[in-house]
Enquirer: 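Please see the structure below; I have some questions.
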Amino acid sequence: MRYRTYIIARDYGFAPNPFGIHCSLATCKPEIRKHSKVGDWVFGTGSSKKGMAGKLIYAMEVSEKIDFHTYWRDPLYEYKKPILNGSLKQMYGDNIYHKDEHTDKWNQLNSHHSNEDGTINELNLITDLKGEFVLISNHFYYFGSSCITIPSEFKNEMCMKRQGYKHVNPFIAQKFLNWLQENYEPGRHDEPLLFQTFERYKGR
């Protein structure tokens with residue numbers, strides 16, 4: 001079992017997508033998605049640029065690791081496909097990639113990661129598909145706008161100062177999870193941080 005942590009620069013409910021009964025990580029962070037295994041934990045912490053340093057936005061245990069083809073075709077994850085004229089939760093759906101059966105080329109739905117005119121954003125497509133897999137969790141803690149302060153004894157290990165990711169010391173990570181589980185119920189506790197802006201941000 002491994003534990004990985006990274007900074008969430010922009011929390012729109014897209015990466016991760018915490019809506020419904022699953023928390024999914026289908027875009028961004030390709031190395032985390034590629035190398036994580038079932039049973040691993042992923043932690044997302046706040047950005048100092050947003051005044052959220054030392055805050056926990058979410059923690060997810062990887063329950064399932066599937067490819068994009070499976071994610072797209074499985075009816076269980078149909079609700080993760082974006083509906084841009086729907087609610088904010090629907091707008092930021094992350095189930096956006098599928099192959100054209102005739103050309104074998106990848107399509108990208110008009111979404112948070114497409115261009116403003118709805119065309120494919122090639123940079124985002126390349127970065128997202130580089131991760132090869134989608135991480136699914138049915139055991140997660142998502143705090144969003146109610147992100148919690150990480151106790152000082154865990155901050156140095158759990159938090160980074162720059163983009164990228166790192167492996168967390170297993171002993172400290174497990175102690176942190178024990179604290180988390182003792183003090184909070186799993187599931188989604190609030191809306192994403194940037195729902196407050198009612199903006200649809202384009203980009204990674």
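Just the heavy atoms: all of them, side chains too, but no hydrogens, waters or symmetry mates, feed the values below. For clarity, every value in this text was computed on a predicted model and none was experimentally measured.
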Enquirer: Within the structure provided, determine whether Ile136 and Lys65 are in side-chain contact (heavy-atom separation under 4.5 Å).
Expert: no
Enquirer: Any heavy-atom pair between the side chains of Tyr71 and Asp94 that's under 4.5 Å?
Expert: yes
Enquirer: Would you check if Val134 and Arg33 make a side-chain contact, meaning some heavy-atom pair closer than 4.5 Å?
Expert: no
Enquirer: In Å and rounded to the nearest 0.5 Å, what is the NZ to CE distance from Lys37 to Met1?
Expert: 12.5 Å
Enquirer: Counting only heavy atoms not in Lys166, do more than 12 fall under 6.0 Å of its NZ?
Expert: yes
Enquirer: Would you please say whether a donor-acceptor pair under 3.5 Å links the side chains of Tyr165 and His35?
Expert: no
Enquirer: Any sub-3.5 Å donor-acceptor pair from Thr119's side-chain atoms to Asp117's backbone N or O?
Expert: no
Enquirer: Is it true that Glu191 and Lys89 have a side-chain N and a carboxylate O under 4.0 angstrom from each other?
Expert: yes
Enquirer: Under a 4.0 Å N-O cut-off, is there an ion pair linking Lys99 with Asp104?
Expert: yes
Enquirer: Are any non-hydrogen side-chain atoms of Tyr77 and Trp72 less than 4.5 angstrom apart?
Expert: no
Enquirer: Would you compute the distance between atom OH of Tyr58 and atom SG of Cys23 and round it to the nearest 0.5 angstrom?
Expert: 6.0 Å
Enquirer: More than 12 heavy atoms of other residues, nucleotides or ligands under 6.0 Å from CG of Asn183: yes or no?
Expert: yes
